[in-house]
Every structure is written in C-alpha cells, then in structure tokens.
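Accompanying notes for the structure given below.
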Amino acid sequence: FLFGPVVKLGWELRAQAMYAHYAAYVKGLESMTLAEHFEGEVTESLGHAKKVRDIIAALGGEAVSTRDAAEIVHTEDTQVMLEEALKTESAAAAAYRKIVPLVKDHPVFYHAIYHILKDETAAVIEVETLLGR
C-alpha cells in the first residue's frame with residue numbers, strides 16, 4: 001500500500017511547483033483566468049499532499065519530502081501549459097485510481113483517497129474543457 005502514496009506525494013509536490021511556475025509565467029488575455037486557475041491547483045495539490053502525508057504517517061511509513069523528478073516544462077505558451085497540466089492531472093487520476101482499491105478496508109483512508117481521485121478526475125475534465133476538447 002505505501003508504495004502508491006509515497007510516489008503520489010512526490011507527484012503532488014511536483015504539481016505544486018509546476019502550477020506555481022505556470023501562474024507566474026502565464027501572459028496575455030489568458031492570464032486573467034489561467035493565473036487564478038493555476039494558483040487554485042497549487043492550493044489543491046498542497047491539500048492533497050497533506051492528506052497523503054497524514055495517511056503515510058498513520059500507517060507508519062515515511063513520507064517523501066522531495067518532488068517527483070519528472071521535468072516541469074518551462075513555457076509562456078498557454079497551450080503548452082494546459083497540455084502539461086492535462087498530462088499531470090491524468091497521471092494523478094490514474095495513480096489514485098490504483099490506490100483506491102488498496103485502502104478499501106480502511107474507511108477513513110478510503111474516503112480521503114476517493115475524494116482526491118474525484119478532485120483529480122474533475123481537474124482532467126476542467127483542463128480538457130480549457131483546451132476546447
């Protein structure tokens with residue numbers, strides 16, 4: 001069980017860094033809505049990381065304190081930012097989808113991970129909408 005959340009915690013830390021970076025670099029008309037969207041994702045990832053960290057600690061594991069090493073693409077092109085956001089949210093949703101069955105016998109952990117999965121799935125839909133898909 002611990003392998004999934006440990007990997008996921010690093011991914012949430014990466015998402016925080018990526019979204020903060022994109023919020024700073026978004027330009028033009030899109031900046032009015034996308035900067036706020038990206039900042040909201042930073043906050044969401046921070047909350048997800050806390051929940052995952054708490055679960056790892058409760059189970060006696062050691063939570064990672066470094067972000068996942070996957071590259072954060074630097075760009076000022078909002079299309080690229082959104083494509084990277086879609087990759088990130090899709091990967092997060094897939095990871096949490098794998099974790100949910102592993103915690104089914106722990107009602108509190110199941111509830112927490114299920115709600116994170118719901119958030120990640122909603123984020124995928126939101127980014128697809130922003131991309132016009």
Side-chain angles (χ1 to χ4, degrees):
F1 165 73
L2 284 179
F3 180 73
V6 169
V7 171
K8 190 61 204 125
L9 179 57
W11 195 253
E12 291 291 359
L13 299 175
R14 178 194 172 275
Q16 289 172 34
M18 183 190 77
Y19 284 122
H21 185 77
Y22 289 165
Y25 282 93
V26 68
K27 305 283 189 248
L29 292 175
E30 292 93 350
S31 67
M32 297 180 74
T33 55
L34 284 183
E36 186 177 323
H37 170 76
F38 291 146
E39 289 293 343
E41 291 298 324
V42 170
T43 302
E44 182 176 279
S45 291
L46 184 63
H48 290 173
K50 180 188 180 335
K51 287 178 186 175
V52 171
R53 188 180 305 108
D54 290 348
I55 290 170
I56 293 168
L59 293 173
E62 183 178 343
V64 297
S65 58
T66 55
R67 72 173 177 86
D68 187 272
E71 177 188 12
I72 294 173
V73 175
H74 171 73
T75 184
E76 292 184 11
D77 182 329
T78 56
Q79 185 76 18
V80 173
M81 289 178 185
L82 290 171
E83 291 292 347
E84 290 300 311
L86 182 58
K87 287 180 199 173
T88 297
E89 299 300 342
S90 296
Y96 283 117
R97 216 173 283 113
K98 291 177 184 174
I99 295 168
V100 165
L102 300 175
V103 293
K104 66 180 178 176
D105 295 331
H106 302 278
V108 173
F109 302 150
Y110 176 84
H111 179 78
I113 298 297
Y114 179 81
H115 281 280
I116 294 173
L117 171 58
K118 188 177 101 179
D119 291 343
E120 299 296 353
T121 303
V124 167
I125 293 166
E126 184 175 24
V127 175
E128 286 175 339
T129 300
L130 289 169
L131 285 165
R133 296 184 186 161

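Bear in mind that the values here come from a model prediction, so they are computed numbers and not experimental data.
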Under a 4.5 Å cut-off applied to non-hydrogen side-chain atoms, are [X] and [Y] in contact?
X    : Y   : result
T75  : Y22 : yes
M81  : L34 : no
I116 : V52 : yes
V26  : T78 : yes

Taking all atoms of both residues into account, what is the closest heavy-atom pair of [X] and [Y], and its distance?
X    : Y   : answer
A112 : I55 : CB-CD1, 4.0 Å
W11  : A91 : CZ2-CB, 3.7 Å
A49  : E12 : CB-CB, 4.0 Å
A15  : S45 : CB-OG, 3.4 Å

Under 4.5 Å between side-chain heavy atoms, chaining through other members, with only Ile, Leu, Val, Met, Phe, Trp and Tyr counted: pull out the rest of the cluster around [X], sorted by chain and number.
X   : result
L46 : none
L29 : none
M32 : none

Practice item. Sequence neighbours left out, what passes side chain to side chain donor-acceptor pair (under 3.5 Å) with R14? Give chain and number order. Key: T88
Per the salt bridge (charged side-chain N to carboxylate O under 4.0 Å, His left out) rule, what does the pair list look like for [range], sequence neighbours excluded?
range           : answer
residues 84-102 : E84-K87
residues 26-53  : K50-D54
residues 69-78  : none

**Study point:** H115 NE2: over 12 foreign heavy atoms closer than 6.0 Å
**Key:** yes
Check your understanding: Is there a path from M18 to L13 through hydrophobic residues (I, L, V, M, F, W, Y) whose side chains come within less than 4.5 Å of each other?
Key -> no
Please round to the nearest 0.5 Å and tell me the distance separating atom [atom1] of [X] and atom [atom2] of [Y].
X    : Y    : atom1 : atom2 : answer
D119 : Y114 : CG    : OH    : 11.0 Å
L9   : E62  : CG    : CD    : 11.0 Å
K118 : Y96  : NZ    : OH    : 15.0 Å

In a table with atom names and distances, give each donor-acceptor pair under 3.5 Å that connects a side chain of residues 124-133 to protein atoms at least two apart or in another chain.
unit_1 : atom_1 : unit_2 : atom_2 : d
T129   : OG1    : I125   : O      : 2.9
R133   : NH2    : E83    : OE1    : 3.3
R133   : NH2    : E83    : OE2    : 2.3

Point to revise | Residues forming a side-chain contact (heavy atoms from CB on, under 4.5 Å) with A17, sequence neighbours excluded | key: R67, I72
Review point. How would you list, by chain and number, every residue that makes a side-chain contact (heavy atoms from CB on, under 4.5 Å) with H106, sequence neighbours excluded?
Key: F109
Revision key, fill the gap. Residue pairs meeting ring pair (Phe, Tyr, Trp, His ring centres under 6.0 Å), one or both in residues 59-91, sequence neighbours left out, come to H21-H74, Y25-H74
